[in-house]
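Proteins come first, then strands; the chains are lettered A, B, ... in the order of their sequence lines, and each starts at number 1.
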2 protein chains.
Amino acid sequence: MQELDDIDHSLLRLLHEDGRRTFADMAATVGLSTAAVKRRVDRMRESGVITGFTVQVDHKKLGWAVEAFSEIRYAGTASISDIVESAARQPEVQAVYTLAGDLDALVQVRVRDLAHLQEVIDRIRRSGTVTGTRTLMVLGRWTRG
Amino acid sequence: MQELDDIDHSLLRLLHEDGRRTFADMAATVGLSTAAVKRRVDRMRESGVITGFTVQVDHKKLGWAVEAFSEIRYAGTASISDIVESAARQPEVQAVYTLAGDLDALVQVRVRDLAHLQEVIDRIRRSGTVTGTRTLMVLGRWTRG
DNA sequence: CTTGAAAGTGACCTTGT
DNA sequence: ACAAGGTCACTTTCAAG
């Protein structure tokens, strides 16, 4: 089962801070052996609590300076999977959130500049059966961790 | 901005897929020695292209089943740093995006259930000088990678 | 590239309930 | 018996010369 105790939560916190932390390091912090820590992490991967590890990148330094959210409305005939697929097809789209309420989706995009943003929005509007968009330009961001 | 060649981009892609991949594994894929790969990764950390590594967690499995975005308007007297600070203070807030346009901020929250969501929205409304909110409930999500 | 040190990995044993 | 941790031996990876 996915019953997690305090130690499991500590391990998740430690791995959230640094996903490449060694088992020995975590073991010293939580007061277990390295093997025990490895078994717990393996178990959390097995049970799906941990879905993976990834690198965090500063996209501005890669020349993708502009971030935006686009609220989208689709025609009534569009299915959820169509909506997600048509937006996710664009390489600049980082995430697609389908929503309850009058909006259908919130799409997070990352682009080089404003001309590029315009182009992506245009592509999204043309793909699928979009009936309306409203774009929110991100000026600053704060994220936990 | 930073000078990155194709190999650097390959390394970023590999680390994005699996942040705990070993240097030897990446070296075999891109056709370099492990030492050369380590030097490139170290350089990208130094230059700030790579800001860190982290674990990816399925929050639903941890009992945080509800995700939402809250669009927020603040009083004209509120400064950007006040806005971010007052929202980021709530532990349920995952990210705060400050925006251009009539909206001031988009806040991403993760909560246990709808009652919990209500409580967090209330807390955000009371903290700082919020003049209006509109909450978008997330039904489904797709993210790149 | 080579090499000693560190980390990861799996088998086996011990202990608690 | 079972589930969780410890110990140890072996392999892989790391990182400096």
- request: Between R20(B) and R39(A), just flag the one whose closest nucleotide in DNA chain C comes earlier from the 5' side.
  value: R20(B)
[X] [atom1] to [N] [atom2], straight-line distance once rounded to whole Å:
X      : N       : atom1 : atom2 : result
F23(B) : dC14(D) : CZ    : P     : 6 Å
R43(A) : dA4(D)  : CZ    : C1'   : 9 Å
M26(B) : dT13(D) : CE    : C1'   : 11 Å
M44(A) : dA4(D)  : CE    : P     : 13 Å
D42(B) : dA15(D) : CG    : P     : 8 Å
L32(B) : dC14(D) : CG    : C1'   : 17 Å
D5(A)  : dA3(D)  : CG    : C1'   : 13 Å
K38(A) : dT11(D) : NZ    : P     : 17 Å

message: Heavy-atom count check: over 12 atoms from other residues, nucleotides or ligands less than 6.0 Å from D5(B) CG?
response: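 It does: D5(B) CG has more than 12 such atoms within range.
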query: Is it true that atom CD of Q118(B) has more than 12 heavy atoms of other residues, nucleotides or ligands lying nearer than 6.0 Å?
result: no
query: Is the closest side-chain heavy-atom distance between Q94(B) and W64(B) below 4.5 Å?
result: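 Not in contact.
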query: With both distances under 3.5 Å as the test, what is the Watson-Crick or G-U wobble partner of dG4(C)?
result: dC14(D)
task: Measure from the side chain of A35(A), starting at C-beta and using heavy atoms only, and say which of dA7(C), dT13(D), dT7(D) lies closest.
output: dT7(D)
query: To the side chain of S33(A), which of dT7(D), dC14(D), dA7(C) is closest?
result: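 My answer, after comparing the listed nucleotides, is dT7(D).
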- prompt: If you take all heavy atoms of G19(B) and F53(B), which pair is closest and at what distance?
  reply: O-CD2, 3.6 Å
